[in-house]
*Asks:* 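I have a structure I would like to understand better, so I am pasting it below and will then ask my questions one at a time.
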Amino acid sequence: MDKVYDHKKIEEKTYRMWENGKYFQPEIHPTGKPYCIVLPPPNANGALHFGHAMFTVEDILIRYHRMMGEAALWLPGTDHAGIETQFVFEKQLAKSGKSRFDYSRVELYDLIKAYVDENRGGIEIQLRRLGYSLDWTREKYTLDPRIVTLVKQTFRKMYDESIIYRDYRLVNYCTKDGTSFSDLEVSYEERQDPLYYIKYGPLILATTRPETKFGDTAVAVNPNDKRYKKYIGKEIEIETVSGKVKMKVIADEYVDPQFGTGVVKITPAHDFNDYEVGKRHQLPMKQVIGFDGKMNECAGEFAGMSVKKAREAVVAQMQKKGLIEKIDTNYMHRVGICYKCKTVLEPLPLEQWYVNVQTLKQKAIAVVREGRIQIFPKNFEQPYFQWLENLRDWNISRQNVWGIQIPVWYEVNDAQRFTVSFIDQQSNHRQGNLQELLDKGFGWEEIVKGLQRVIAPISATAVFEEQKEKEKKYLPETDTFDTWFSSGQWPFVTLKTSKQGDFEKFYPTAVLETAYDILKAWVSRMVMLGIYITPAAVPFHHVLVHGIVNDPYGKKMSKSKGNVVNPLELADQYGADAVRFALIYGNATGSDQILSYPKLEAARKFTNKLWNMARFIEFKMQQDTTLQIAVKEIKDLSATDLNDKHILDKTKKFSQEITRYIEKYQFNLAAERLYEFSWHEFADIYIEDVKKRVTQESFTVLVSLYLTIITLLHPFMPFVTEEIYQRLYMGEKPLIIQPWPRT
RNA sequence: GGAUCUGUAGUUCAGUUGGUUAGAACGUUCGAUUCACAUUCGAAAGGUCAGAGGUUCGAAUCCUCUCAGAUCCACCA
């Protein structure tokens, strides 16, 4: 044996040995109790980051249960990550001077698919490098045809049961990425913007968005506001930049008399609150901002300007006309921005598909309250409940190409009411009213072939593929599902499309292990959709939450900050075992941690220490051949020496402790105890003691206890322990499937 | 505005249902060491457990308040 443990010589070949031996497959224990963890699917196109290194927790559980003789399945898979991937791809496109508007949706999809296929596989290699005992023979991908079919079936079922519906309402729309987002995906930013006090006929109102005034369809005051009582229900005449306009004054509780002047302009098409007010008072919606982020023809002379430009221009005009009372430049407020590109999100009215979450969320709350699903640590239940209780209907439409297309067709019986965009035969981007485009001479076939996007009226008849009638014309829904709609079904769609009988055997899964930041986005969706599709079962019994790994200074790792550390580089330097151990050691379940180089170094020294214990044993056996026999026959341990008895007893207790810690998901305590015991109790004291009095009996005890230690450590540090096992013990089967020490 | 979490040695963090002198790692200081390991061994120093009050025979742990930091949710033009 080398004097120093060299992980580079060991890790790759060991992983190959495990994989070739089919030890990652649950069939290795055909009659064992089923135990299943489904890997939270990383972005197929992405690279490993530190969050993924926390999968170590799952590997510990899987390896432990496998050694317990259970049929342990850790099912890997990757996610197509709709918006993320398309975002990255479009950046690439931009470099070559192109944009998504240059391609039909079919072409664009194929381009992205080719791009992803080219970059795929990286993540799998990286997960192998960290020693994760995933059953690769069962690997899944969110766009696997059979999974797509199941996802669409869920949509169909929900639609048939009226849980999914289509509606025309305001959505958070990113004009740069060209798609809407769910409430969850909106980020907020504190901003200082001018608050304009504008003269509205006899009234004065405060607004941050004077450019939306073209979409105003009423002025509102609080019903109890004495100052304005006389105007309620009346029409007032208003001088505006575009001439005189009449406007109704309505009363609504929503208006806060304390804010500004207590008068609000109501723009139902461009503000969420105004939209609600508009619904209550049956106000018309007048859209003045287009999906390109520019003012439309309703804005008169300002048409074609960006929102920002238009705001400045409108204000300038108003000032000229003396319509601005004053400007408060110190006004602070929060604006919704796109979490990807930071563009200010526009509330825009759009036809979208929604999931009615009322019943689903009540059930999702109930299963946790009743303890059918337990969250560890328990304090993460609170945000889970809070978020679900606040949850509003879930917008699942995304105007992306990269994703699962919503499987619906619209009957085109009145082309006048459809808006389409497409690439014509000359490869030009066209968009507009379908009837007008047809009138201009574009052919139906041409439009369908180059189709980019269809906006069907809310009244259009939506049918599924097989419901289409031959004599009728249809255009497809071009929107795709929110990625979370498909990944929210992950536990059952993976198992249902896996090997025969897997679903029946492994569902519900044992544990869902993930970072707390996607508890809401992902876990709650899985619970909702899981109990919807499989009402008798929950998708997993336990939710195990881990924290985030921050950079050495405690700052969140992010590409933009440039402080991202690649776990594989650390695995190269310190060894995969050391990286795994350092992440577990000294960090309580669920709490954030700081990447610590001293800790990595300490973990690496630990692997070397273990290695040298093995070297000592090997050395002794070479020195004294009578000791070799002892190694092979470590069954009936008898100890006459008091110290031997003592350590036997201690090791027994130690082994119980480790088991208990793993069962209770206290991996940090397990790791600390393993480190402490093996180094300072076993090596420093016991080995030193035996050195002075080597007998066959004491050496046998020593060797057998060392085996126990190596076995208990295996889930945490699989490579070095397996290698030691292979060298010293050479059983018929490798350590990975040796039985867990029982007491 | 509502909620959650965190505050323990120079640093990073443990501390299971309240129970002797509050632990570890790294760092620091002193010492050892031919023969498994200098990536080692032995030893030492280092803490008013953020602060104040309360419950208790007993509090880092439970309760209240204060201070500091982080996060989440909601949201007024």
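A note on names: the letters A, B, ... follow the listed sequences, proteins ahead of strands, and every chain is numbered from 1.
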*Asks:* Looking only at the side chain of A602(A) (C-beta and beyond, no hydrogens), which of the listed nucleotides rC26(B), rC35(B), rG15(B) gets closest?
*Replies:*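 Out of rC26(B), rC35(B), rG15(B), the nucleotide with an atom closest to A602(A)'s side chain is rC26(B).
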*Asks:* Taking RNA chain B as the partner, which of residues 202-219 of chain A come within under 4.0 angstrom of it by heavy atom?
*Replies:*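 By residue number: A206(A), T207(A), T208(A).
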*Asks:* What side chain to side chain donor-acceptor pair (under 3.5 Å) pairs are there with at least one residue in residues 679-690 of chain A, not counting sequence neighbours?
*Replies:*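 Sorted result for residues 679-690 of chain A: N643(A)-D689(A), D644(A)-Y686(A), K650(A)-E681(A), R673(A)-E681(A), H680(A)-D684(A), E688(A)-K691(A), D689(A)-R693(A).
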*Asks:* Atom CZ of F581(A) and atom C1' of rA24(B): how far apart are they, to the nearest Å?
*Replies:*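 About 12 Å, once rounded to whole Å.
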*Asks:* If we take the P atom in both rU4(B) and rA60(B), what is their distance in whole Å?
*Replies:*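 Between the two P atoms, the distance is 24 Å.
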*Asks:* From CG of N550(A) over to P of rU71(B), roughly how many Å is that when rounded to an integer?
*Replies:*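 Checked: the CG to P distance equals 10 Å.
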*Asks:* Respond yes when some side-chain nitrogen or oxygen of K520(A) is under 4.0 Å from OP1 or OP2 of rC72(B), and no when none is.
*Replies:*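 K520(A) to rC72(B) OP1/OP2: no side-chain N or O under 4.0 Å.
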*Asks:* Side chain of N379(A): nearest nucleotide among rC37(B), rC5(B), rC26(B)?
*Replies:*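 Among the listed nucleotides, the one closest to the side chain of N379(A) is rC5(B).
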*Asks:* Could you check K599(A), K605(A), R604(A) and say which one makes a side-chain hydrogen bond (donor to acceptor under 3.5 Å, both in side chains) with E601(A)?
*Replies:*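 The passing option is R604(A).
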*Asks:* Nearest whole Å is fine: how far is rA70(B) P from I548(A) CD1?
*Replies:*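 After rounding, the reported distance stands at 15 Å.
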*Asks:* Taking rG47(B) as the reference, what is the distance to rG42(B) when you measure between their P atoms (whole Å, please)?
*Replies:*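 Taking atom P in both rG42(B) and rG47(B), they lie 24 Å apart.
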*Asks:* Could you tell me the separation between the NZ atom of K691(A) and the P atom of rG42(B), rounded to a whole number of Å?
*Replies:*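 From K691(A) NZ to rG42(B) P: 11 Å.
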*Asks:* Tell me which nucleotide, if any, is Watson-Crick or G-U wobble paired with rC26(B) when both distances must be under 3.5 Å.
*Replies:*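 Matched rC26(B) with rG10(B) under the 3.5 Å cut-off.
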*Asks:* Judged by modelled atom types alone, do Q726(A) and E722(A) share a side-chain donor-acceptor pair under 3.5 Å?
*Replies:*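 Judged by distance alone, the side chains do pair up.
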*Asks:* List the residues meeting side chain to side chain donor-acceptor pair (under 3.5 Å) with Y173(A), not counting sequence neighbours, and say none if there are none.
*Replies:*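 Y173(A): side chain to side chain donor-acceptor pair (under 3.5 Å) contacts with R453(A).
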*Asks:* Can you tell me the Watson-Crick or wobble partner of rA3(B), both distances under 3.5 angstrom?
*Replies:*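 Paired with rU71(B).
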*Asks:* In whole Å, measure the gap between the P atoms of rA9(B) and rG1(B) for me.
*Replies:*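 Here rA9(B) and rG1(B) have their P atoms 32 Å from each other.
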*Asks:* Contact class for K599(A) vs. all strands (heavy atom < 4.0 Å): base, sugar-phosphate, or nothing?
*Replies:*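 Since no nucleic acid heavy atom lies under 4.0 Å of K599(A), the category is nothing.
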*Asks:* Which nucleotide sits closest to the side chain of F619(A): rA25(B), rC35(B), rC5(B)?
*Replies:*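 The answer is rC35(B).
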*Asks:* Which part of the nucleic acid, if any, lies within reach of R392(A) when heavy atoms closer than 4.0 Å are counted: base, sugar-phosphate only, or nothing?
*Replies:*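 Contact class for R392(A): sugar-phosphate only.
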*Asks:* Side chain of R615(A) only, heavy atoms from C-beta on: which candidate in rA25(B), rC37(B), rU4(B) is closest?
*Replies:*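 Minimum distance to the R615(A) side chain belongs to rC37(B).
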*Asks:* Counting side-chain heavy atoms from CB outward, which of rU39(B), rC73(B), rC26(B) is closest to W387(A)?
*Replies:*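 Nearest to the side chain of W387(A) among the choices is rC73(B).
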*Asks:* Determine the interatomic distance between C1' on rU8(B) and the same-named atom on rG46(B); round to the nearest Å.
*Replies:*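 After rounding to an integer number of Å, I get 13 Å for this pair.
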*Asks:* Do H546(A) and E513(A) have side-chain N/O donor and acceptor atoms under 3.5 Å apart?
*Replies:*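 Looking only at side-chain atoms, E513(A) and H546(A) do form a donor-acceptor pair, the distance falling under 3.5 Å.
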*Asks:* Any idea which of rA25(B), rC37(B), rU39(B) is nearest the Y585(A) side chain?
*Replies:*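 Of the options given, the side chain of Y585(A) lies nearest rA25(B).
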*Asks:* Considering only side-chain heavy atoms of E688(A), which listed nucleotide, rA36(B), rC41(B), rA25(B), is closest?
*Replies:*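 The closest nucleotide is rA36(B).
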*Asks:* Is there a side-chain contact between K664(A) and the phosphate of rU17(B), meaning an N or O under 4.0 Å from OP1 or OP2?
*Replies:*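 No, no such contact exists.
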*Asks:* Among rC75(B), rC26(B), rC73(B), which is the nearest nucleotide to the side chain of N390(A)?
*Replies:*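 Of the options given, the side chain of N390(A) lies nearest rC73(B).
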*Asks:* Measure the distance from CE on M1(A) to C1' on rA36(B) and round it to the nearest whole Å.
*Replies:*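 From M1(A) CE to rA36(B) C1': 9 Å.
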*Asks:* Give the rounded distance in Å between these two atoms: CG of L669(A) and P of rG23(B).
*Replies:*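 Result: 16 Å.
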*Asks:* Using atom C1' in both nucleotides, what's the gap between rG7(B) and rU12(B) to the nearest angstrom?
*Replies:*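 It comes out at 14 Å once rounded to the nearest Å.
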*Asks:* What contact category does E672(A) fall into here, base, sugar-phosphate, or nothing, at under 4.0 angstrom with non-hydrogen atoms?
*Replies:*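 Contact class for E672(A): sugar-phosphate only.
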*Asks:* Show your working on side-chain hydrogen bond (donor to acceptor under 3.5 Å, both in side chains) between H7(A) and D577(A) and close with a plain yes or no.
*Replies:* CA-CA 8 Å; H7(A) 61 270; D577(A) 288 332; over 6 Å; no
*Asks:* Under a 3.5 Å cutoff, is there a donor and acceptor pairing between the side chains of K653(A) and Q656(A)?
*Replies:*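 Note: K653(A) and Q656(A) side chains miss the donor-acceptor criterion.
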*Asks:* When the C1' atoms of rA74(B) and rC13(B) are considered, how many whole Å apart are they?
*Replies:*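 My reading of the C1' atoms in rA74(B) and rC13(B) gives 34 Å.
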*Asks:* Less than 4.0 Å between a side-chain N and a carboxylate O, is that true for K9(A) and D2(A)?
*Replies:*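 A salt bridge links D2(A) with K9(A).
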*Asks:* Nearest to the side chain of N668(A), which nucleotide is it out of rC41(B), rA14(B), rA74(B)?
*Replies:*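 Closest nucleotide among those given: rA14(B).
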*Asks:* Would R227(A) and D225(A) pass as an ion pair if we require N to O under 4.0 Å?
*Replies:*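 Between D225(A) and R227(A) there is a salt bridge, with a charged N closer than 4.0 Å to a carboxylate O.
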*Asks:* Across the strands shown, which category fits Y706(A) at heavy-atom distances under 4.0 angstrom: base, sugar-phosphate, nothing?
*Replies:*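 Nothing, no heavy atom under 4.0 Å.
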*Asks:* Scan R311(A), E312(A), K265(A), Q317(A) and name whichever one has a side chain to side chain contact (heavy atoms under 4.5 Å, CB included) with P210(A).
*Replies:*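 Only one of R311(A), E312(A), K265(A), Q317(A) forms a side chain to side chain contact (heavy atoms under 4.5 Å, CB included) with P210(A), namely R311(A).
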*Asks:* In whole angstrom, give me the gap between the C1' atoms of rG54(B) and rU20(B).
*Replies:*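 25 Å, rounded to whole Å.
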*Asks:* Could you tell me how far rA22(B) sits from rG31(B) if I compare only their C1' atoms? Round to whole Å.
*Replies:*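 That atom pair is separated by 28 Å.
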*Asks:* Watson-Crick or G-U wobble partner for rU61(B), using a 3.5 Å limit on both distances?
*Replies:*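 Check on rU61(B): unpaired, no WC or wobble geometry under 3.5 Å.
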*Asks:* Between E618(A) (CD) and rC35(B) (C1'), how many Å, whole number?
*Replies:*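 Atom CD in E618(A) sits about 15 Å away from atom C1' in rC35(B).
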*Asks:* When you compare the side chains of S678(A) and K609(A), does any donor N or O come within less than 3.5 Å of an acceptor on the partner?
*Replies:*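 On atom types as modelled, these side chains do not qualify, holding no pair under 3.5 Å.
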*Asks:* Can you work out whether Y254(A) or D684(A) has the more 5'-proximal nearest nucleotide on RNA chain B?
*Replies:*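 Whichever sits nearer the 5' end wins; that is D684(A).
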*Asks:* Report yes if at least one side-chain N or O of H680(A) is closer than 4.0 Å to OP1 or OP2 of rA24(B); otherwise report no.
*Replies:*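 No, outside the criterion.
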*Asks:* Can you identify which nucleotide, out of rC75(B), rA25(B), rA36(B), has its nearest atom closest to the Y188(A) side chain?
*Replies:*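 Selected nucleotide (nearest to the side chain): rC75(B).
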*Asks:* Rounding to an integer number of Å, can you tell me how far Q622(A) CD sits from rA36(B) C1'?
*Replies:*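 Rounded to whole Å, this separation is 11 Å.
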*Asks:* Looking only at side-chain N and O atoms, does S591(A) come under 4.0 Å of OP1 or OP2 in rA14(B)?
*Replies:*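 For S591(A), the contact criterion (side-chain N or O under 4.0 Å from OP1 or OP2 of rA14(B)) is met.
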*Asks:* When you measure from the side-chain N and O atoms of K3(A) to the phosphate of rA38(B), is any distance below 4.0 Å, counting only OP1 and OP2?
*Replies:*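 Yes, because at least one side-chain N or O of K3(A) sits under 4.0 Å from OP1 or OP2 of rA38(B).
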